[in-house]
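See structure below.
We number each residue from 1, following the sequence as shown.
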Amino acid sequence: MDAFELLAHPVRLRVVHAMRGGRELTTADLCDRIRDVSKATVYRHVDLLAAGGILEVALERRVRGAVERRYRLRRDRAGIDTATANSLSLDDHRSAFAAALAVLTAEFTAYLGRDTADPVADLVGYRQHAVWLSPGELRGMIGGMREAIAPHLANGPSPDRTQYLISPILFPVEAPPTETGTDNTATSSQSPGPRN
């Protein structure tokens with residue numbers, strides 16, 4: 001299985017998210033984190049990620065006669081490179097997008113199921129905006145988002161840090177007009193919930 005096939009699956013994406021920040025976790029730890037998925041399924045997907053080189057064994061030890069493995073994420077393998085992205089078909093993109101949406105739904109449902117869930121206090125946001133951008137403006141906006149997010153990707157867990165799932169999704173919803181009209185209205189669709 002190549003990196004795209006490995007990462008374009010909701011359970012495997014959730015494992016990758018759980019491993020971020022330099023964590024070293026056992027499969028049992030991951031089962032505790034991803035409670036809405038059966039243990040057998042989590043074990044199977046961890047094995048696939050390890051066989052595919054996205055997870056590596058950080059430590060092995062014997063526990064009650066069995067071998068316990070602590071895994072860590074190989075950050076250099078936990079993404080899709082430009083060459084692979086350029087080779088994807090429209091159906092591949094459709095599958096990857098469906099997996100990303102399934103992860104968002106599953107993780108948000110798990111969050112809401114916690115006794116401590118407080119979307120306002122936790123600054124939860126899921127607003128949507130429709131904006132008109134030239135290719136240069138789009139690249140600038142993406143660059144700005146990367147500059148804002150990238151320095152935090154290596155943050156590890158600590159008592160003062162909560163892990164947040166940040167999922168920028170953008171795609172064109174309307175082609176450029178053939179001529180400039182008089183309607184210069186920028187639209188914003190706000191979902192219920194706190195502002196982000």
Q) Taking the side chain as C-beta and beyond, is there a heavy-atom pair between Glu68 and Arg62 under 4.5 Å? A) no

**Q.** For Arg33, salt bridge (Lys or Arg N to Asp or Glu O under 4.0 Å) partners two or more places apart
**A.** Glu107

Anything under 3.5 Å between a donor and an acceptor, one on a side chain of residues 94-101, the other on a protein residue two or more places apart or in another chain? List them.
from  : atom 1 : to    : atom 2 : distance (Å)
Arg94 : NH1    : Asp91 : OD1    : 2.4
Ser95 : OG     : Asp91 : O      : 3.2

(Q) Using every non-hydrogen atom in the two residues, find where Val16 and Ala78 come nearest and quote the distance to one decimal. (A) CG1-CB, 4.3 Å

Considering only distance and modelled atom types, tabulate donor-acceptor pairs under 3.5 Å from the side chains of residues 1-10, sequence neighbours left out.
from : atom 1 : to    : atom 2 : distance (Å)
Asp2 : OD1    : Phe4  : N      : 3.2
Asp2 : OD1    : Glu5  : N      : 2.8
Glu5 : OE1    : Asp2  : N      : 3.1
His9 : ND1    : Val11 : N      : 3.1

**Q.** Shortest non-hydrogen separation from Arg75 to Ala154 and the atoms involved
**A.** NH1-CB, 3.9 Å

Q. Is Arg14 salt-bridged to Asp36, going by a charged N under 4.0 Å from an acidic O?
A. yes

(Q) In the structure I gave you, are the side-chain heavy atoms of Leu165 and Phe108 within less than 4.5 Å of one another anywhere? (A) no

**Q.** Trp132 side chain near Pro177 side chain, heavy-atom distance below 4.5 Å
**A.** yes

Q) Where is the tightest heavy-atom contact between Arg161 and Gly156, given as atom of each residue plus distance? A) NH1-O, 3.0 Å

Q. In terms of hydrophobic clusters joined by side-chain contacts under 4.5 Å, are Ile166 and Phe171 together?
A. no

Q | Electrostatic pair Arg23-Asp29, nearest N-O below 4.0 angstrom | A | no

Q: Take Leu170 and Leu138, measure what side chain to side chain contact (heavy atoms under 4.5 Å, CB included) needs, and give me the verdict at the end.
A: CA-CA 10 Å; Leu170 57 105; Leu138 176 60; 3.8 Å; yes

Q: Would you indicate whether the side-chain heavy atoms of Pro168 and Ile142 approach each other to under 4.5 Å?
A: no

**Q.** For the student: nearest non-hydrogen atoms of Thr109 and Thr105, plus distance
**A.** OG1-O, 2.8 Å

Q | Donor-acceptor contact present, side-chain Arg77 to main-chain Arg74, <3.5 Å | A | no

Q: Classify the side-chain pair Ser38/Thr41 by whether it contains a donor and acceptor separated by less than 3.5 Å.
A: yes

Q: If a pair satisfies side chain to side chain donor-acceptor pair (under 3.5 Å) and one of its residues is in residues 114-125, list it, with sequence neighbours excluded.
A: Tyr111-Asp122

Only pairs under 3.5 Å count here: list side-chain donor-acceptor contacts from residues 46-60, not counting sequence neighbours, and write none if there are none.
from  : atom 1 : to    : atom 2 : distance (Å)
Glu56 : OE2    : Arg72 : NE     : 2.8
Glu60 : OE2    : Arg69 : NE     : 2.9

Q.
Hydrophobic clusters here meaning ILVMFWY residues chained together by side-chain heavy-atom distances under 4.5 Å, can you tell me if Val103 and Ile169 are in one?
A. yes

Q) Taking atom CG of Leu90 as the centre, does the number of heavy atoms from other residues, nucleotides or ligands within less than 6.0 Å exceed 12? A) no

Q. Below 4.5 Å, heavy atoms only, C-beta onward: do Met19 and Leu30 meet side chain to side chain?
A. yes

Q. According to the side chain to side chain donor-acceptor pair (under 3.5 Å) rule, which pairs have a member within residues 137-146, sequence neighbours left out?
A. Ser134-Glu137

Q.
If you define the side chain from C-beta out and look only at heavy atoms, does anything of Tyr71 sit under 4.5 Å from Thr27?
A. yes

Q: Nearest 0.5 Å please: distance from the OG1 atom of Thr82 over to the CG atom of Asn86.
A: 6.5 Å

Q: Please tell me if the side chains of Val63 and Arg61 come closer than 4.5 Å, counting only heavy atoms from C-beta onward.
A: yes

Q.
If you compare all heavy atoms of Ala18 against all heavy atoms of Leu25, which two are closest, and at what distance to 0.1 Å?
A. O-CD1, 3.7 Å

(Q) Donor-acceptor pair, distance only, cut-off 3.5 Å: does the side chain of Ser87 make one with the backbone of Thr84? (A) yes

